[in-house]
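Below is one structure, written out as structure tokens; comments come after it.
All chains are named by letter (A, B, ...) in the order of the sequence lines, taking the proteins before the strands, and each is independently numbered beginning at 1. Small disclaimer: the values here were computed from a predicted structure and weren't measured. Quick note: numbers below take in every heavy atom, side chains included, and nothing from hydrogens, waters or symmetry partners.
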There are 2 protein chains.
Amino acid sequence: MGTALNALKLLDFFSASRPEIGLSQLARLAGANKATVLRHLRSMEDFGLIEQNPMTKFYAIGPAAIRLAALREAANPRLDAARLRMQTAMQEVGESLHLSFLEKDILQTALVVETTKHTVRVSLDPTEVMPINATASGLSMLCYGPPALKSQMNTDQLQGFTKETLTDPDQIRAQIETIRRRGWSNSNGSYELGVHGFAAPIFGIDRVAIGTVAFAMPENRATDNRKPAILIALHTLAKDLTAIFGGQIPDSFPPAFHP
Amino acid sequence: MGTALNALKLLDFFSASRPEIGLSQLARLAGANKATVLRHLRSMEDFGLIEQNPMTKFYAIGPAAIRLAALREAANPRLDAARLRMQTAMQEVGESLHLSFLEKDILQTALVVETTKHTVRVSLDPTEVMPINATASGLSMLCYGPPALKSQMNTDQLQGFTKETLTDPDQIRAQIETIRRRGWSNSNGSYELGVHGFAAPIFGIDRVAIGTVAFAMPENRATDNRKPAILIALHTLAKDLTAIFGGQIPDSFPPAFHP
DNA sequence: TTAACGCGGTTCATTTATTGAACCAACTTT
DNA sequence: AAAGTTGGTTCAATAAATGAACCGCGTTAA
């Protein structure tokens, strides 16, 4: 029961690491008859959800996926869903947070949710670019983003913002190693003195970070006894945002954040 | 025959202007039985391609569309398809072209295809930002992009690059009116002296421009007798790129470009 | 050289899920 | 209060999905 669903379920066998599949292999994967799978594929090909490479005869996701996503995005923008999710995180933790995305090779702020629980808050310009070496978000991106970013760090001159800013590539590489173990990153006055940040990556479909979320708060509120709650909220938040943006969390990513 | 296809075809009734549809209305639109439509919707809802608003009971495109598009994009990036299409346009016309997208409120170059037919060519930095008042692409975007761009033009100071640059908002508004009639825009040395550009918009799903394509050539090759061929190539190119990026051309857009 | 095996795709009798008219119950409009 | 919506259900009739066997082709192994 549910022929259409059976057809759609075939799409789940495609992934970033297995972007195209042959008829027999797909039938094997789905545990279904080749004739059945073929008819389903043909139906979806008619609609454009599936595309067959005429040379290799392999099947892949078709262009209709783009159309539908554009439609979904117009009616239900991912940024709106992200804002909603971030607002509940703000309620839980009580601190401001911001969402950034890697565009070309700079980390652009896309969304800022300010805390309503404190009158003293970190104010963030939504048009600001996050320096990659001076913010928790930037370090997270260096750790989990495209490897090209890291190599680029060597050639570019790193800007210092405060006396805390990391400007030595070797220092940063060491920091990245601890981030890779923990999953989360933090910064303490490295961009603006007195501001503490906690960031986590948001992954794309290929399990490479496409952006980051971060909590930002005055140093005096970043106490050790608040840290566990912040980290728990940050972890589930990063997981949910990754889902909202259609991404996949790599297997190597920690299943929980620990101080 | 093709139940899965019939189910998928329901998705085509959703659009930017009709993002959610009730059961009865969708059955009427599709000319199918309510029971049939309901079962199809439930199948697709299971998969996540459809989402029902629990309050209004209306149906809309679901989050799986985002996932699938991310998959498609990873395996078959739209920029690659765009580059291919632009390369054939370059072969047809023999001139360099570039593709730009509106990001936040600046026009970022995303792709440059240089001509292989001339040794004298306009060289474009792929990281460059297109000034909105000084390039054919910028004017096209002002005309067909988000209305907010136009109102912003009044508050910001417009930069002059050459003696040809338009810096008076009233002048630009007049120019936009002729672009709206023609569909295409051009520039003659307004960014760099001696460079002539022809641009057309690329539309999003909501029929608002999300980017532009433009041919750029030395002034002396922008002759009247080459213009018709350039404009024909530009029109089909803009149409194809709009399709590649999942957009829709507005009904009011000219079906052909005339000098 | 040949046999075995894999592939994508087809065929067709059997079966099973799809279909659609009629029908609810709950609202709105007239 | 009657008539028309709506979303959703039921079930007998039927049309479409299914799967084992098969085909032709190319690759691999004997």
Handout entry: Heavy-atom donor-acceptor pair, N33(B) side-chain to dA21(C) base, under 3.5 Å
Key = yes

Handout entry: Side-chain donor/acceptor contact of K34(A) with base of dG8(C) under 3.5 Å
Key = yes

N or O in side chain of [X] less than 4.0 angstrom from [N] OP1/OP2:
{"X": "T3(A)", "N": "dA17(D)", "value": "no"}
{"X": "T36(B)", "N": "dG20(C)", "value": "yes"}
{"X": "R28(B)", "N": "dT6(D)", "value": "yes"}

Whole-Å gap separating [atom2] ([N]) and [atom1] ([X]):
{"X": "L38(B)", "N": "dT10(D)", "atom1": "CG", "atom2": "P", "value": "11 Å"}
{"X": "R39(A)", "N": "dT10(C)", "atom1": "CZ", "atom2": "C1'", "value": "12 Å"}
{"X": "Y59(B)", "N": "dG8(D)", "atom1": "OH", "atom2": "P", "value": "4 Å"}
{"X": "I21(A)", "N": "dG8(C)", "atom1": "CD1", "atom2": "P", "value": "11 Å"}
{"X": "M55(A)", "N": "dC25(D)", "atom1": "CE", "atom2": "P", "value": "18 Å"}
{"X": "L29(A)", "N": "dG8(C)", "atom1": "CG", "atom2": "P", "value": "12 Å"}
{"X": "K57(B)", "N": "dC27(C)", "atom1": "NZ", "atom2": "P", "value": "11 Å"}
{"X": "L41(A)", "N": "dT10(C)", "atom1": "CG", "atom2": "C1'", "value": "15 Å"}

Exercise for the section: Considering only NZ, NE, NH1 and NH2 on the basic side and carboxylate oxygens on the acidic side, decide whether K9(A) and D12(A) come within less than 4.0 Å. Expected result: no

Practice task
Select from A4(A) and G22(A) the residue whose nearest nucleotide in DNA chain C is closer to the 5' end of that strand.
Solution key: G22(A)

Exercise for the section: Using the ring of F198(B) (Phe, Tyr or Trp, six-membered ring only), decide whether R182(B) places NZ or CZ under 6.0 Å from its centre and within 45 degrees of its axis. Expected result: no

Practice task
Answer yes or no for R85(A) and F245(A): cation-pi contact, defined as NZ/CZ to six-membered ring centre under 6.0 Å and angle to ring axis within 45°.
Solution key: no

Exercise for the section: Give a yes or no on whether the backbone of I61(B) and the side-chain of R72(A) come within a donor-acceptor separation of less than 3.5 Å. Expected result: yes

With the side chain of [X] defined as its heavy atoms from C-beta on, choose the nearest nucleotide among [options].
{"X": "L23(A)", "options": "dG9(C), dA20(D), dG7(D)", "value": "dG9(C)"}
{"X": "R42(A)", "options": "dT10(D), dT19(C), dT10(C)", "value": "dT10(C)"}
{"X": "N6(A)", "options": "dA20(D), dG9(C), dT18(D)", "value": "dT18(D)"}

Practice task
Show the numbers, then the answer: is there a side-chain hydrogen bond (donor to acceptor under 3.5 Å, both in side chains) between R39(A) and T3(B)?
Solution key: CA-CA 10 Å; R39(A) 245 175 346 87; T3(B) 306; over 6 Å; no

Exercise for the section: Report the residue (H40(A) or F58(B)) whose heavy-atom-nearest nucleotide on DNA chain D is the more 5′ of the two. Expected result: F58(B)

